[in-house]
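Proteins get letters first, then strands, A, B, ... in listed order; numbering begins at 1 in each.
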Amino acid sequence: MLHAILVSSPAVGALVAGLFGRWLGDRGAQLVTCGLMAVSALCATLGLFLYAGEPASKVVLARWIAVGGFEAEWALRIDTLSTVMMFVVSFVSFWIHVYSIGYMAGDPGVPRFMSYLSLFTFAMLMLVTSDNLLQLYFGWEGVGLASYLLIGFWYTRPSACAAAIKAFIVNRVGDFGLALGVALCFFLFDSIHFDVVFAGAAERADATVRAFGLEAHALTLLCVLLFLGAMGKSAQLGLHTWLPDAMEGPTPVSALIHAATMVTAGVFLVARFSPVFEFAPAALALVTVIGAATAFFAATVGLTQFDIKRVIAYSTCSQLGYMFFACGVGAYAAGIFHLFTHAFFKALLFLGAGSVIHAMSGEQDMRKMGGLAQKIKFTYAMMWIGTLALVGFPGTAGFFSKDAILEAAWASHYAFHLFAFWLGLAAAVLTAFYSGRLMFLTFHGAARGDHEVMEHVHESPPVMLVPLVVLAIGALFGGWLGKGMLDPEGRWWGGALFTGAENHVLHAVHEVPLLVKLAPTFAMAAGLGLAWLCYVRMPSLPERAAAALRPLYLFLYNKWYFDELYDRLFVGPALALGRLFWQRGDIGIIDRFGPDGVAQAVLAGGSRTVRLQTGYVYHYAFAMLIGLVLLVGLYLFLFGA
Amino acid sequence: MSDWPLLSLTIFLPLVGVAFILFIRGAPEIVAQNARAVALWTALATFLLSLMVWAHFDPAKGGYQLVEQATWLEPLGIRYHVGIDGISLWLVLLSTLLTLVVIVGSWYSVHERVKEYMITFLIMDTLMVGTFCALDIVMFYVFFEGILIPMYLIIGIWGGPRRIYSAFKFFLYTLAGSVLFLVAIIAMASEAGTTSIPEITRHEFPVAMQMWLWLALFASFAVKVPMWPFHTWLPDAHVEAPTGGSVLLAGVLLKLGGYGFLRFSLPMLPEASAFFAPLVFALSIVAIVYTSLVALAQTDMKKLIAYSSVAHMGIVTIGCFTANPLGLTGALVQMLSHGLVSAALFMVVGVVYDRIHSREIAAYGGLAERMPVYATLFMLFMLASVGLPGTSGFVGEILVIVGIFNVTPATPAIPAQGSWVALLAATGMVLGAAYMLWVYRRVIFGALEKPTLAAIRDLRLNEVLAFAPLVLLVILMGVYPSIFTDPMIPSVERVLAEIGASSPIRAAAVAP
């Protein structure tokens with residue numbers, strides 16, 4: 001009952017605000033959605049106390065699909081993993097609903113916005129509580145839809161529309177893998193219910209399957225297909241291009257969807273399927289490699305961007321990489337722990353950035369900021385809390401989770417664990433650097449904005465500042481929960497996260513050398529120090545460095561040219577092929593030799609036949625004579641005289 | 001009431017309406033008004049009757065129900081024989097519903113020859129329902145071919161500027177297939193010694209003969225579906241057809257092909273079906289990828305939706321030949337879903353065409369500002385078309401993909417590996433999203449800048465009423481498809497039994 005209310009109240013909010021928003025007005029829509037989200041958040045908080053550590057249970061709401069053994073219900077699976085996720089989603093979402101009241105004030109589409117936010121929350125809750133792959137898929141595409149709607153919220157802007165479509169389609173590429181994963185899962189297990197799949201994974205550990213022209217290890221193939229979906233949703237290297245563009249959406253959206261919750265769905269999926277991934281070491285290796293590469297890649301791009309939201313977006317991409325390689329090296333608990341802490345400090349950073357943008361009358365370019373620390377002190381302080389948590393300053397939430405991940409990467413014996421460790425460590429330096437750069441460029445130094453804009457800089461209203469405080473508390477103290485989450489015996493999780501018999505990574509993290517333990521802190525100090533040097537102490541240094549390393553700088557500034565590459569490889573050729581098939585294929589070949597050709601031939605044949613009818617008697621007489629000769633000749637030839 | 005000839009009533013009731021309309025006389029406006037009213041009430045009554053059919057249908061049984069028989073052409077053994085099973089039940093309901101929707105939706109958009117327009121659509125109703133109910137192969141053929149005539153008239157009389165070319169193309173294409181179908185019917189009837197569909201299904205045709213028969217049937221059904229490369233009549237027909245014509249063409253007529261595969265090709269010619277299944281898969285895959293790409297390049301909204309229909313029907317043909325319950329049910333659900341969604345999408349185009357008289361995507365942009373209700377409905381149907389979970393489009397698609405994937409293991413007869421078919425079919429998900437989202441973006445989003453659109457008005461009441469049942473059904477079928485799949489399953493199982501577990505196409509699905 002608790003969970004049914006928890007999940008359904010955002011849906012009710014979305015429906016009411018969406019359908020009756022015109023009559024409710026802005027205030028009414030805000031009250032309804034925020035009120036219902038408050039109910040949901042309360043239930044989720046209660047759930048965290050009541051259900052954490054309990055074994056899995058399930059609430060079946062209704063039948064969905066039942067055909068030929070392929071069955072899926074609308075159901076809620078309640079175990080510690082989904083309880084944690086529900087808490088993160090509902091709690092953060094509630095505060096972002098509240099923040100939106102202030103941030104979106106005066107926008108003509110307030111009811112629509114609140115409705116979309118609630119719709120997203122509902123889909124995300126369906127995703128994390130699913131007890132079968134199909135409902136997960138429902139939530140998966142549902143959050144994709146909400147993300148599409150919210151990125152394109154300001155639909156008159158061409159850039160917003162383009163970003164929205166890009167987000168949906170790149171996600172669809174991932175979903176394509178997930179759909180095939182559903183099919184393979186049913187093929188392997190005759191079921192898509194999690195409990196059946198997880199129970200049956202061990203006995204199929206050595207099974208092979210003939211698919212896509214190869215004889216593959218069945219569980220590896222399944223995990224790779226699922227991971228393809230996870231890559232799309234969580235913006236991992238290769239399918240990451242949509243996330244930075246998604247910053248076209250209003251800032252609360254970036255905080256909720258593109259930082260705290262939706263993009264972490266991929267990590268959730270891998271953790272949820274830990275009972276299967278544990279038997280697919282090759283798939284785990286892939287997760288590790290992609291995760292570590294993304295963590296590093298996104299951090300390098302983050303160094304050079306000037307849009308305040310894009311820097312944070314790349315940072316999100318990079319942090320998701322951390323979560324993935326944590327799972328890849330077998331430390332699922334560390335991955336989810338980082339997901340948990342990240343939700344707080346990244347939402348805080350985005351909302352803080354939103355407060356900055358609000359103060360700057362919509363300006364997002366950090367080159368036009370600077371010197372804001374004195375003018376918006378409160379936001380400044382909150383942003384520092386978020387930044388410190390992100391870079392892993394000792395004592396903050398991010399410190400515990402990032403340390404845990406890096407230590408796990410060192411201590412694990414899974415494939416590529418050292419690759420992940422070193423890239424993760426390098427990314428930690430870069431993270432500290434770009435975070436420091438963001439803070440110094442925005443808040444320190446001389447004011448570079450227009451005089452008029454700087455005159456108007458003002459602190460945000462309390463309705464926007466209170467959510468910042470709440471999230472800041474989470475960013476500072478959320479790490480203390482980690483002790484339970486990282487318990488080597490996994491008691492805290494009540495069996496929701498599975499680790500194989502050989503997997504002792506959470507034990508091993510306690511035995512890493514001191515240097516490894518201290519490495520993340522050193523990395524952070526180095527990065528922040530360097531940023532301070534570059535942007536406070538010697539502000540001319542970055543430009544000189546960029547000029548000296550121009551090719552590298554351009555390569556990073558243009559995001560490793562992924563967008564250009566994809567345009568050349570996919571977008572252009574798809575359109576060209578479409579035109580080719582249409583003009584040459586349909587019109588040029590099928591119609592030309594098909595219906596039009598036949599019609600032409602009949603017409604031509606007809607007009608030729610007509611020409612035979614000349615009307616001259618001697619023509620006919622001649623034809624008869626020839627005919628007679630031929631017939632007689634044929635007769636003689638065939639039967640012999 | 002249960003001993004009433006429900007099916008015959010449903011089939012022939014529209015003709016009663018036609019008779020009434022024929023006798024309407026008077027000033028043109030009065031005639032038009034009365035013709036509309038009579039057509040509306042007739043279509044509504046027919047739809048309610050078909051709901052009665054549903055109420056009397058026992059979903060637990062797999063055989064034909066509500067069967068009626070009467071002598072017709074006794075010397076040839078041809079009988080009037082109707083009945084429905086879980087496969088045809090929904091197609092009957094779809095036909096009667098869409099006829100009603102068309103009449104409501106085109107209330108204000110048809111001004112010329114209103115009387116004749118309404119008559120043609122009511123006749124269409126009779127013919128469509130008759131086709132799906134017919135259990136005698138000759139009777140089926142008569143109805144099946146009969147549909148061509150009103151549709152030809154609809155395109156040719158109420159169509160756009162190139163209507164004559166399109167009408168001829170449509171007619172010739174379908175007729176070419178039909179001639180072969182007729183030959184096949186004669187051959188089957190004389191071989192089996194009966195024209196009753198259930199009895200022919202029980203007859204085992206020699207394998208060599210099956211091959212020829214299968215190809216002849218295929219020629220007819222593949223054009224109807226349409227499968228690549230027999231699809232080029234469809235975009236032209238849709239572009240020139242009036243909205244109502246497009247709705248029935250996409251909504252019901254395309255389903256005749258899939259229905260034909262399920263009713264004739266598969267159960268009557270199982271060996272040939274197994275043999276040719278790879279061909280069907282290959283053509284379907286080409287259809288999905290090729291026409292999706294072509295759709296991407298379209299500048300005409302109706303053409304775009306027409307091409308998307310070809311791609312979606314590719315999923316149906318794949319599902320039909322998986323010969324497992326998942327694939328078959330998926331194909332049926334996909335047919336229903338496509339019937340609703342593509343019909344709705346053509347109506348969506350019709351709404352703005354009525355106002356601006358252009359089908360060009362470039363003529364629009366920024367409609368969301370002035371037409372919020374329209375934008376919302378278009379969004380819903382667009383999402384259903386791309387198969388978003390929670391809409392009808394998803395259920396059929398996922399069932400077929402899972403179904404074809406599970407054909408893989410023990411299928412020596414199908415060298416085209418199921419997993420590959422699934423993989424390539426699933427690319428339609430990505431491409432479908434691309435062209436639908438893009439067209440939506442160009443029509444609905446953006447700034448409203450074009451002067452022609454400045455005064456465009458949102459949906460009228462009759463348009464909202466026409467869309468309403470489609471909206472409800474698309475969501476209902478997505479959220480709780482069991483209502484629709486439960487009555488199908490016994491019939492699907494029966495078809496699978498008719499195919500026979502020993503036949504190669506079935507062996508795959510039976511093996512674990």
We want to know whether [X] and [Y] form a side-chain donor-acceptor pair, criterion being a heavy-atom distance below 3.5 angstrom.
X       : Y       : answer
E73(A)  : H193(A) : yes
K169(B) : Y165(B) : yes
Y290(B) : D586(A) : yes

Does the separation of the ring centres of F186(A) and F405(B) fall below 6.0 angstrom? no
Taking the six-membered ring for Trp, is the centroid-to-centroid distance between Y173(B) and F230(B) below 6.0 Å? no
Mind ranking [options] by heavy-atom pairs under 4.5 Å with chain A and telling me who comes out on top?
options                            : result
V430(B), T485(B), L423(B)          : L423(B)
S292(B), A176(B), A368(B)          : A368(B)
V402(B), T329(B), V395(B)          : V402(B)
I444(B), L172(B), T427(B)          : T427(B)
I401(B), L431(B), V479(B)          : V479(B)
W228(B), W233(B), Y307(B), Y435(B) : Y307(B)

Nearest 0.5 Å, what's the NE2-CG distance between H231(B) and L283(B)? 11.5 Å
Separation between CG of L332(B) and CG of L336(B), rounded to the nearest 0.5 Å: 6.5 Å
Which atoms of [X] are under 4.5 Å from chain A, going by heavy atoms: the side chain, the backbone, both sets, or neither?
X       : answer
V386(B) : both
V400(B) : neither
F394(B) : side chain
M488(B) : neither
L399(B) : side chain
I398(B) : side chain

Decide, yes or no, whether a salt bridge links R172(A) with E141(A) under the criterion of side-chain N to carboxylate O below 4.0 Å. yes
Salt-bridge test for D486(B) and R63(A): reply yes if a basic N is under 4.0 Å from a carboxylate O, no otherwise. yes
Name the region of [X], side chain, backbone, both or neither, that has any atom closer than 4.5 Å to a heavy atom of chain B.
X       : result
I165(A) : both
R22(A)  : side chain
L184(A) : both
W140(A) : neither
D596(A) : side chain

Can you tell me if OH on Y480(B) sees more than 12 non-hydrogen neighbours from other groups inside 6.0 Å? yes
Given the ring of W438(B), does R442(B) sit roughly above its face, with NZ or CZ under 6.0 Å from the centre of the six-membered ring and within 45° of the axis? yes
